[in-house]
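Inspection log for the structure reproduced underneath, given as structure tokens.
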Amino acid sequence: MCGFVGYLNQKDVPATTVNAMADRIKHRGPDDEAYYRGDTATIGFRRLSIIDLAHGKQPMYNQDRSKVLTFNGEIYNYQTIRADLQALGYVFQTDVDSEVLIHGYDAWGPKLLDHLRGMYAFVIYDQATQEVFGARDHFGIKPLYYYDDEETFLWASEIKAFLEHPHFKKEFNEALLPIHLSFEFIPARDTLFKHVYKVLPGQYFVHKNGQTTTHTYYHFNYDHIDDTQTVAGDAEKIRHLVDETVKTHMIADVEVGSFLSSGIDSSYVLNEAAKLKPIQSFSLGFHDSKYSELNWSSEFAQEIHQKNTPITMTGDDYFDILPTIMYYMDEPLSNPSAMQLFYLSRGTRQHVKVALSGEGADEFFGGYNTYLEAIPFERYQKWVPRPIRHGLGALAEKLPRFHGRRFLVRGAQPLSERYYRVNYVFDHHDRDQILKHPELNQDAGAYTQHLFNDVAGHDEMTQMQYFDINTWLPYDILHKADRMSMANSLELRTPLVDKEVAKFAATMPVHTRIHADETKVALRTAALSELPARVAKKEKLGFPSPIASWITEDPYKSRIIAAFTSDVAQKFFKPAALLHILDEHLNGKSSMQKIFTIYTFILWYQVYFPEDTTAHTVDLVHRTK
């Protein structure tokens, strides 16, 4: 688990630039550093040693030293691939998975990606052709960015590394602010920095002769759903899959721990890992028992005879760390659970170097409660003709106090407009009200319409899951998991976000995913044979926190008011409109997500664009290096 940086050379770039870029992401790899300085490219690497601790130094070369590799992640089937390459005549000097990548690229080129199972981002530079090849794993567990303004080409594991390059033009991409306010992230290759791009999950790029092209080598789809599958049959397959994927993800030459909440996903992962060897779990809670899951998690750990370490945080902990969190995120992310994940990772890292987690189960197996609403809406659309639905929706719009108003209004909309992850935080009207420049506003639904088009022939629940797997999972769930763990030099592994797990999940019919009042039906059935019923059947809570309550109290309310009236707020928003949203929350109308999205954006801007602000966070970027 590591971090890397690189750039194509310009003659006037100081030789120390690559060191400074690598230092920016030292948290990703505090164990070792190394550099490649060639005539046409410069590359830096920071290592967190997990497998074959004495070897595996990077940058790594192929046999004739014509190609240079830097790699972040784990290839879980590397031993199988290694045997295939040995049969082709390749000689290995180490027992690390990175050597499989450099020889595999020599043997198969981009087709190497078809062989891989794991979490990864890697870049290979070909000294002979001066070609840069970079790839990201199937679901976006590991990050990869590049900067391309047609004059300068840079790449790195995190955007912040680019700040140290003299030819990086740091510019805020204000045109995407409305999109961020809708989704809380940018669901595309673009970022909030101009000319900085994500390599999307399941894609690779090639940069050659000044041109960058991107290619898709993997895309999750629902083309092979089998309606004959049963809950019992799918549960049995899931049981074997979870057992196998956890075993695969336990490979390490250091101790592996596991996150543990009160829910089914992390409990199931921990339970399977504990069958292999004793494993310490780590749980986060609050002093307020209303929001704390520590009693649940500690009781379950005791039940399976594994040690559990509780970690707690306060409101001061939460708000004091927010600017630092925004720095590590690269782009603002307003999911309140990110701060909890940071503290959980920090406490875990004091004991182990690798931890397992349960991300991905909700997206692949149908775990979000919102999926249940597909049932009544599909019935309504089946039995009520479209013209009548549109008429009822238009009438309901005029009756604000009518009890069934929301259902009728939404029932007249296509799923691409109705699904709550579109306009998740602020809808189009809300954005008009708060933006200083409302002419920048745009249709957020159009930004993701292509995803609904991809699965237009499927049922609504499948469409929702497909949307979440392609947006919410990589841009929120996995993004914060990577950044918050790696900020603490902790490798986080997600056994349920796995190519083989996804391959099976894509075959599951709706009736093995949800029932009228139950989510993750087949997964819960599988878990019932392994876990206590109170855990297997427990309703999803997410990652609860007292944030909605905290922001009504001082000193936290005062911090938000200061941000909402700051120079950054005045630059992009109408401060009076922001304060109105806060007042609504204080008066009992829940607006926590809206408040938190604006607040974290302002903190992020203060951190990354200190020249435009007078706030106290302006020097944070330098303090956190």
| task | If the plane angle is over 60° it's perpendicular, under 30° parallel, otherwise tilted; pick one for H138 and Y217. | result | perpendicular
| task | Could you tell me whether a side-chain N or O of N72 sits under 3.5 Å from a main-chain N or O of G3, the two making a donor and an acceptor? | result | no
| note | Interatomic distance, OG@S258 vs CG@N271, rounded to 0.5 Å, equals 10.5 Å
| request: Say whether, by atom type as modelled, one donor and one acceptor occur between the side chain of R421 and the main chain of F183 under 3.5 angstrom. | output: no
| field | Smallest separation among heavy atoms of P201 and G140, with atom names | value | CB-N, 3.5 Å
| Any T519 side-chain heavy atom under 4.5 Å of L372 side chain | yes
| Hey, are E359 and T494 close enough side-chain-wise for a donor-acceptor pair under 3.5 Å? | no
| message | For the NZ atom on K275, are there more than 12 heavy atoms of other groups (residues, nucleotides or ligands in this structure) within a distance under 6.0 Å? | response | yes
| Donor-acceptor under 3.5 Å (N77 side chain, T80 main chain) | no
| said: Is the terminal nitrogen or CZ of R418 (NZ for Lys, CZ for Arg) located under 6.0 angstrom from the six-membered ring centre of F377 and within 45° of that ring's axis? | reply: yes
| said: Below 30° counts as parallel, above 60° as perpendicular, anything between as tilted: where do the rings of Y419 and F452 land? | reply: perpendicular
| message | Which label fits W604 and F601: parallel for a plane angle under 30°, tilted from 30 to 60°, or perpendicular past 60°? | response | tilted
| query | Considering all heavy atoms of both residues, which atom of I264 and which atom of A527 are nearest to each other, and what is their separation? | reply | CD1-CB, 3.7 Å
| said: Main chain of S489, side chain of R349: is a donor-acceptor contact present, judged purely on distance under 3.5 Å? | reply: yes
| request: Look at the aromatic rings of W472 and Y424 and report parallel, tilted or perpendicular, splitting at 30° and 60°. | output: perpendicular
| Partners passing salt bridge (Lys or Arg N to Asp or Glu O under 4.0 Å) against E518 (at least two apart in sequence or in another chain) | K537
| Point-to-point distance, once rounded to the nearest 0.5 Å, from CD1 of I325 to CZ of F342 | 4.5 Å
| request: Mark yes when over 12 heavy atoms from residues, nucleotides or ligands other than K499 sit less than 6.0 Å from its NZ; otherwise mark no. | output: yes
| request: For the pair Y218 and F139, name the ring-plane relationship: parallel under 30°, tilted 30 to 60°, perpendicular over 60°. | output: perpendicular
| Main-chain N/O of F365 paired with R513 side-chain donor or acceptor, under 3.5 Å | no
| said: Taking side-chain contact (heavy atoms from CB on, under 4.5 Å) as the definition, give me every residue that meets it alongside T471, ordered by chain and number, with sequence neighbours left out. | reply: F185, P187, L451, F467, Y475
| Is it true that the NZ or CZ of R493 lies under 6.0 Å from the centre of Y76's six-membered ring and within 45 degrees of the ring axis? | no
| task | Quick one: list whatever passes salt bridge (Lys or Arg N to Asp or Glu O under 4.0 Å) with R483, sequence neighbours left out. | result | D330
| task | Would you confirm whether Q58, through its side chain, and F71, through its main-chain N or O, come within 3.5 Å as a donor-acceptor pair? | result | yes
| Backbone N or O of P509 within a donor-acceptor pair of the T512 side chain at under 3.5 Å? | yes
| task | Please state whether the rings of Y120 and F122 are parallel, tilted or perpendicular, taking 30° and 60° as the class boundaries. | result | tilted
| query | Between the main-chain N or O of D32 and the side-chain N or O of R47, is there a donor-acceptor pair closer than 3.5 Å? | reply | no
| said: Can you confirm whether or not the ring centre of F282 sits under 6.0 Å from the ring centre of H351? | reply: yes
